[in-house]
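The structure appears right after this line, and notes come after that.
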Amino acid sequence: MILSVANLRKLFAAEIILDGVTFRIENREKVALVGRNGTGKTTLIKIITGQYEPDGGSVNLQRGAKVGYLRQESPVTPGRTILQEAQSGLEHLLEIKTRLNELTKIIEDNPTQDDLDEFALLHEHFNDQEGYSAERDLTSILTRMGFEESDYEKLTDSLSGGEKTRLALARLLLEEPDLLILDEPTNHLDLQATEWLESWIRSYHGAILLVSHDRTFLENTAGKFLELRAGQITTYEGDYQKYLQLRAEDEERQADLAAKQANQIAKLDEYVRRFMNSQRTAQARGRQKQMFKLQESQVQAPTSDAGMKAGFGKIERSGDIVVRTENLTVGFSDETLFTNLNWEVRFGERWGIIGENGAGKSTLIKTILGRHKAVDGKSKLGSRIELGYFSQDVADLDPSMSPLEHMVFELGMDAGPARNLLARFLFTGDDVFRPISSLSGGEKNKLVLASLTVLNPNLLVLDEPTNHLDMDSRAALADVLNDYKGTLILISHDRWLLRQVTNRILDVRRAGPIEYISGYAEYRRSQTTTAPAKSKTQTITAVVEPTLTPRELSKEIARMQTAVSNSEEAVAQAENQISRIESTLADPPPEADVIQLSHDYQAAQKELTRAMNQWEEDTLTLENLQRQQG
């Protein structure tokens, strides 16, 4: 057991935030903390990490356990370079390495017995901590977080908020604490970095507590769920689908019990009313006591949390061609992001735009909308376009206004209808009068989405609209977008949302964007079979798969389950081979051929990459087959 929380209680003023919260996290467990925004998840984490004091209950960590915590806006040390900040996660190992280098020089000259003993002790500890692979890990993790070697000397002061978060995550991963707490770790990661992080989490030797609203991320990482609702925690063992199943069963049982108790209380109440002050007064008083006792322990039926209830009205049809680019080069005066994009968007199409951070997704959209100058080539919007644009930084909001003032003065609505619309986006009571500057990121996003529904655009362009939204709000957004009848262009790293609402993908790469005209699933399958584009837009067309009978489908699922198991075994064997070679390189015997070992190590790394790719491909195929089976 790495963490035990018992009967935790926390109040802010008279409001109870946590009430009797109890749970455990075992060593090596990967646990998700889930719940709507505002339910107290951040408060609970701050108590666990010692930033808040509880008003009751206890938090007990395993003796000597090291805790690492990634906040949603994690600070980095100013004045350091990117490399120095990342190396701080390996500070202990680097100090040992420096001392080992000093002792090595002493041993070559005239060592004392104390020098030899210290070297042996430090060398053993360095090996136990896998110190010889630390430098390789540092470079690998920084690369996965989007930092190239040419970035290493940049000062942390010059980084954007997203870059600082990714650097803080890299530092934490290198620290390898016994309990790692990650609060929205995917918010500033692209798809490739997110998928790499998922793989890293699955193989991590310590325990991890995840707070995330990314459904696919949780599906791929968590094996236990802690749901925080109404100040209390309910623990669900199993993966995400099991969590949903168990929660639904719990709610059904609770609703059943609540109905039975309500019925019993109603019958007792009727008896009391009928026979009190009659010949049966004594029996009526007895029934009244039973009723009061039952009311004290009465179970309430589960209530659905309020969610966004939004939608677009009737739209005016635009021309057939909505967006067209010809040999478009996107970038800046001192940097070209990509060249020669020939892309056509037709009315009613639903495009998802994906790509690595910095590849130019947002810049492409701004160029097409005329908010950024093209380096070369042409881009044109079609005829009769009514645009609705959601920018990632919600820069179009005036921070000094209130939500109600924004709807009235910026969109020309009357106060009554404006308040009704805001209520559908969960702005109620005095919330409509708060300055926009005081709103959370999720609330600002909801305000912009509310504004877009007023405009009724026939071209809807959304740049990362799910940032700061909880899972219920993301599901509500998916429903809204599925009902939308116009043309959709969506930049997102939320894989679940991309699968739900888009049917075409543009993968923005510096080598040249690639079109996948059959959607996100085809993009995922193509990753192991399709070479990247060179210098022009490539179009990937899906292969139509034959329809399988139910019996054939069951056989194919069984075959793919075996394939996935074999792929997992191949990954494990490759990892074991790498571990054996690293151990030998850390302390090579006199007869060892170090050059050959280095070649073997590179070959083992390639085999691990191949095995991981095969596992991902087999897993995706299996998931698609299981979805067909229902």
Side-chain angles (χ1 to χ4, degrees), residues 5-24 32-41 43-44 47 54-58 224-238 240-309 420 423-431 470-473 475-476 479:
V5 175
N7 296 316
L8 210 60
R9 185 175 172 83
K10 183 65 180 177
L11 294 85
F12 287 117
E15 184 181 3
I16 299 174
I17 305 299
L18 304 174
D19 188 16
V21 166
T22 300
F23 64 90
R24 291 163 60 97
L33 175 62
V34 296
R36 293 290 299 268
N37 285 340
T39 54
K41 299 188 299 295
T43 299
L44 175 57
I47 292 174
D55 295 312
S58 62
K224 182 162 87 174
F225 285 77
L226 306 174
E227 183 180 69
L228 183 56
R229 184 189 289 191
Q232 298 184 330
I233 286 278
T234 305
T235 301
Y236 297 97
E237 299 283 350
Y240 184 76
Q241 294 304 320
K242 189 69 173 177
Y243 151 65
L244 294 180
Q245 175 194 333
L246 292 175
R247 186 182 68 174
E249 291 172 357
D250 270 0
E251 290 180 346
E252 187 177 349
R253 281 193 295 269
Q254 186 179 340
D256 232 15
L257 179 58
K260 288 177 181 177
Q261 283 188 338
N263 186 47
Q264 191 176 356
I265 288 170
K267 287 181 178 179
L268 290 170
D269 184 55
E270 182 184 0
Y271 188 94
V272 170
R273 291 173 182 275
R274 185 175 178 185
F275 294 110
M276 187 66 77
N277 300 322
S278 71
Q279 292 182 344
R280 299 185 183 178
T281 296
Q283 293 95 321
R285 286 175 178 163
R287 300 289 173 87
Q288 191 178 48
K289 287 180 181 178
Q290 290 178 30
M291 183 178 71
F292 289 157
K293 189 173 182 180
L294 195 57
Q295 285 174 334
E296 287 175 2
S297 60
Q298 186 174 5
V299 172
Q300 299 299 319
T303 56
S304 296
D305 294 324
M308 290 193 307
K309 298 179 178 66
N420 290 337
R424 291 164 59 193
F425 284 84
L426 309 183
F427 291 98
T428 57
D430 290 340
D431 289 344
D470 57 38
M471 278 193 281
D472 289 341
S473 295
D479 290 339

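Residue numbers start at 1 and run along the sequence shown. All values derive from a computational prediction rather than experimental measurement. Hydrogens, waters and symmetry mates are skipped; everything else that's a heavy atom, side chains included, is used.
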Any chance you could measure F225, atom CZ, to T235, atom OG1, to the nearest 0.5 Å? 12.0 Å
Which value, rounded to the nearest 0.5 Å, describes the distance between Q298 atom CD and L257 atom CG? 9.5 Å
Kindly give the heavy-atom pair with the smallest separation between K242 and E237, and that separation in Å. CG-O, 3.6 Å
Is it the case that over 12 heavy atoms from other parts of the model lie below 6.0 angstrom from the CG atom of D430? no
Restricting to non-hydrogen atoms, name the atom on L8 and the atom on I47 that form the minimum distance, rounded to 0.1 Å. CD2-CG2, 3.8 Å
Assess the residue pair T39 and R229 against the criterion (side-chain contact (heavy atoms from CB on, under 4.5 Å)); give the C-alpha distance rounded to whole Å, side-chain angles, the decisive distance to 0.1 Å, and a yes or no. CA-CA 6 Å; T39 54; R229 184 189 289 191; 5.9 Å; no
Run the side-chain hydrogen bond (donor to acceptor under 3.5 Å, both in side chains) check on E249 and Q245 step by step: do they pass? CA-CA 6 Å; E249 291 172 357; Q245 175 194 333; 3.1 Å; yes
Closest contact, heavy atoms only, K41 versus R36: NZ-O, 3.1 Å
Give a yes or no on whether R285 atom CZ has more than 12 heavy-atom contacts from other residues, nucleotides or ligands under 6.0 Å away. no
Looking at D250 and R247, is there a salt bridge between them, counting it only when a charged N and a carboxylate O are closer than 4.0 Å? no
A side-chain contact here means heavy atoms from C-beta on lying under 4.5 Å apart; do V21 and L226 qualify? no
Any chance you could measure L294, atom CG, to D269, atom CG, to the nearest 0.5 Å? 11.5 Å
Can you find a heavy atom in the side chain of E227 that is under 4.5 Å from one in the side chain of I233? no
Do Q290 and R287 make a side-chain contact, defined as non-hydrogen atoms from C-beta onward lying under 4.5 Å apart? yes
Closest non-hydrogen atoms of A284 and M276, given as atom of the first, atom of the second and distance, are CB-N, 3.8 Å
Look up atom CD in Q300 and atom CD in Q261, then write down how far apart they are to the nearest 0.5 Å. 9.0 Å
Does atom CD of E252 have more than 12 heavy-atom neighbours, drawn from other residues, nucleotides or ligands, at distances under 6.0 Å? no
Whether the side chain of T22 engages the backbone of N7 through a donor-acceptor N/O pair (distance < 3.5 Å, no angle test) should be reported. yes
Are Y243 and Y236 close enough that their ring centres sit under 6.0 Å apart? yes
Say you draw a straight line from CD1 of I17 to CG of L44; how long is it, rounded to the nearest 0.5 Å? 11.5 Å
When you compare the side chain of Y271 with that of Q283, does any pair of heavy atoms fall below 4.5 Å? yes
Close side-chain approach of D19 to R9, heavy-atom, < 4.5 Å: yes
Looking only at heavy atoms, which two atoms of L426 and D431 are closest? And how far apart? O-OD2, 4.3 Å
